[in-house]
Amino acid sequence: GDSVTQMEGPVTLSEEAFLTINCTYTATGYPSLFWYVQYPGEGLQLLLKATKADDKGSNKGFEATYRKETTSFHLEKGSVQVSDSAVYFCALRREAAGNKLTFGGGTRVLVKP
Amino acid sequence: EPEVTQTPSHQVTQMGQEVILRCVPISNHLYFYWYRQILGQKVEFLVSFYNNEISEKSEIFDDQFSVERPDGSNFTLKIRSTKLEDSAMYFCASRELPNEQFFGPGTRLTVL
């Protein structure tokens with residue numbers, strides 16, 4: 001079945017550091033890929049997405065490129081801020097699978113001033 | 001900007017009691033979902049709903065669970081007889097083809 005694996009946290013960084021969160025997936029066909037963010041005490045917000053191979057999703061300084069050859073969708077940000085402290089979830093969606101989202105385990109990121 | 005809303009934000013119940021979690025999806029959306037997140041664990045799919053019927057459900061969604069869209073605006077998740085292991089954050093989401101799902105803020109369910 002479909003699955004998403006992402007690096008375990010917590011990831012602790014200093015402000016302005018470079019952030020990478022690895023995400024790999026297993027799925028048949030051509031899933032769409034997503035990163036969701038969950039700020040403390042809040043629900044899930046879509047951060048960015050990519051719907052086909054080599055697409056790059058970007059938002060709020062975050063980027064991720066859909067790499068079909070490595071089945072990966074790693075999240076990066078060049079200079080993190082304290083306000084980026086959150087839990088980040090990688091997810092996939094296959095239309096043939098009823099469009100439900102399959103999530104990774106989440107990676108907690110803590111940015112210190 | 002339209003958003004998915006959920007009530008209550010926190011529900012505390014005794015084991016064996018019935019609970020109903022409520023969601024108001026975005027008004028022109030046609031596809032509805034429930035997910036849950038046990039504390040510290042991954043978000044898990046429970047059920048999807050379209051055209052007044054369940055389109056898919058996970059193995060978690062057993063006979064104790066049911067969903068309903070009673071009045072064209074609310075989308076509810078009922079747990080008939082809660083167990084301790086039902087304690088989790090429950091997220092509702094809605095979607096309009098072909099776009100992504102929008103999530104509500106969640107209801108934290110605590111079963112004592």
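The chains referred to below are lettered A, B, ... by the order of the sequence lines, with proteins before strands, and numbering in each begins at 1.
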Whatever's closer than 4.5 Å to a heavy atom in chain B on A/Gln38 counts as side chain
Taking A/Leu101's backbone N and O only, do any of them form a donor-acceptor pair with B/Tyr35's side chain (distance below 3.5 Å, no angle check)? yes
Minimal heavy-atom distance between A/Phe89 and B/Gln37, with the atoms involved, is CZ-NE2, 3.2 Å
(message) So for atom NZ, which belongs to A/Lys68, do other residues, nucleotides or ligands contribute more than 12 heavy atoms lying within a distance under 6.0 Å?
(response) yes
Rounding to 0.5 Å, atoms CG (A/Leu46) and CZ (B/Phe103) come to a distance of 9.0 Å
Quiz prompt | Single-linkage hydrophobic cluster B/Phe45~B/Met89, side-chain heavy atoms < 4.5 angstrom | solution = yes
dist B/Tyr31:OH -> A/Asn99:CG (nearest 0.5 Å) comes out at 7.5 Å
Verify same cluster id: B/Ile38, B/Leu112 (apolar side-chain graph, 4.5 Å):
no
Q. Is it the case that more than 12 heavy atoms not belonging to A/Tyr30 sit under 6.0 Å from its OH atom?
A. no
Rounding to 0.5 Å, atoms CZ (B/Arg95) and NZ (A/Lys100) come to a distance of 13.0 Å
If one checks every heavy atom of A/Val87 against chain B at 4.5 Å, the contacting part turns out to be neither
Considering residues, nucleotides and ligands other than A/Lys112, do more than 12 of their heavy atoms fall under 6.0 Å from its NZ?
no
- Mind checking whether B/Ile60 and B/Phe91 sit in one hydrophobic cluster, side chains of I, L, V, M, F, W, Y counted as touching below 4.5 Å? no
The reported gap from NZ in B/Lys42 to OG1 in A/Thr5 (rounded to nearest 0.5 angstrom) is 7.0 Å
